[in-house]
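What follows is a set of notes on a single structure, which appears directly below.
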Amino acid sequence: MRHLKAFEDALNSIRDEGRYRVFVDLQRHRGAFPKATARFEDGEREITVWCSNDYLGMGQDDDVLEAMHSAIDNFGAGSGGTRNISGTTRYHVDLERELADLHGKTGALLFTSGYVANDATLSTLGKILPGLIIYSDALNHASMIEGIRRSGVDRRIFRHNDIGHLRALLENDDPDRPKLIAFESVYSMDGDVGPIKEICDLADEFDALTYLDEVHAVGMYGAEGAGVAQREGIMDRVDIIEGTLGKAYGVMGGYIAAHATIVDAIRSMASGFIFTTSTCPVMAAGALRSVSKLRSEEGVKLREKHQASAQLLKDKFRDAGLPVMDSVTHIVPLLVGDPEKCKALSDTLLFDFGIYVQPINYPTVPRGTERLRFTPGPVHDEAMMDELVAAILAVWKQLGLEEAA
Ligand code: PMP
């Protein structure tokens, strides 16, 4: 086989660094999440999932599933084409209306994932705004980095959440050039939150557009689950809000919400939107049901339960002397600081205790900050948490990590 050696070498260097990825093959059971069955070479095992981004369990919600069953029965499996060529259904249109309304915008546009939404939108902006400069937070997600890189525009990276640095960069550039600031609300690996208001103030001062990734916030923050900008009452100050349907909404897909003219331009020019088969109608139907359910009173209750669950787990980790990282959100990261120990901890929890939490290693996080990232939700009860803490403490000692605790 030609060039196979190069592939083997690449894999070996990833293995040597302890960051070779092994997927756990899961089967979730209706109504039983976070319990699931994992399949291994030597058989199956019942496990508890602690690292799902189906944060609220909506992927198992009866109403969402019912909406999806009905869409399959009436609309079939795939969408049958790009949005332009027979791939638009009533679900796509209604979902876009719902998302625009959720974010208080006049338009919204669906993509096949949040990754594609970021990449396709950001890479297109340079074609629309000649001379554009994009200011990007240093911890922005790979999909934003890729979109900005592909846009070919000048870019400036500001230190994570550092308003002073962002200001200095803005001051240093030609005031007449168009500008856009791209950042996130909830940062998914640390669980901290971007200074949205301060960035919007700077954007006003420097006449810049704002682009906010609310992927880890939609469904979970704000009165209707529109995200942190809604919670802070400043959705109208953010020009483009990007979100996913694959995490708190429990389905799949991504979107942007913005002024209808901005949306129309992206719709007309972004290759990642134009040249691909549109989302399956069943996904759009499920997402529509999920979004509207999370806007309701039921959503409010789920959000309260979610936050309480995250707080309880943080408290239990702290009480047990485990190095839980500072997080002001539902994301609960436990610092391990070594890729091999991080992987060993995760493996032992899985094989010996039936506890599934994926190790997070470089390049997802900087070297030396390897961690386990827990995402407790309304589906995790206190008994599960106590089991989890006891298991971690046992393995922690076994791996000689106790000094850190
Ligand atoms: N933005 C952020 C901040 C993310 O963490 C992710 C995915 N983990 C995405 C965008 C991509 O979203 P999706 O999974 O829907 O592709």
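We count ligands from 1, going down the list as the structure has it; atoms in each ligand are counted the same way.
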Residues Arg83, Glu96: salt bridge by 4.0 Å N-O rule: yes
Under 3.5 Å: donor-acceptor pair, side chain of Asn140, backbone of Ala182: yes
Geometric class of the Tyr55/His330 ring pair [parallel <30°, tilted 30-60°, perpendicular >60°]: perpendicular
Polar atom proximity, Glu242 to ligand 1 (N or O, under 3.5 Å): no
Ligand 1 contact by Ser143, heavy-atom criterion under 4.0 angstrom: yes
Taking atom 4 (C) of ligand 1 as the reference point, the nearest protein heavy atom with its distance: His141 CD2, 3.3 Å
Protein heavy-atom partner closest to atom 15 (O) of ligand 1 - residue, atom, separation in Å: Thr244 OG1, 2.6 Å
Test item: Arg303 side-chain N/O and Leu56 main-chain N/O as donor-acceptor pair under 3.5 Å: no
Lys343/Asp347 ion pair, N-O < 4.0 Å: yes
Between Tyr255 and His103, ring centroids under 6.0 Å: yes
Heavy atom of Lys247, distance to ligand 1 below 4.0 Å: yes
Distance from atom 1 (N) of ligand 1 to nearest protein heavy atom, with residue and atom: Asp213 OD2, 2.7 Å
Check: Glu184 N/O within less than 3.5 Å of ligand 1 N/O: no
Salt-bridge criterion met for Lys179 and Asp173 (N-O under 4.0 Å): no
Atoms in ligand 1 with a heavy atom of Asn118 nearer than 4.0 Å: 1 (N), 10 (C)
Thr37 versus His29, side-chain donor and acceptor atoms under 3.5 Å: yes
Close N or O approach (Gly114, ligand 1; < 3.5 Å): yes
Nearest non-hydrogen protein atom, atom 16 (O) of ligand 1: Tyr115 N, 2.8 Å
Proximity to ligand 1 by part of His216, non-hydrogen separation under 4.0 Å: side chain
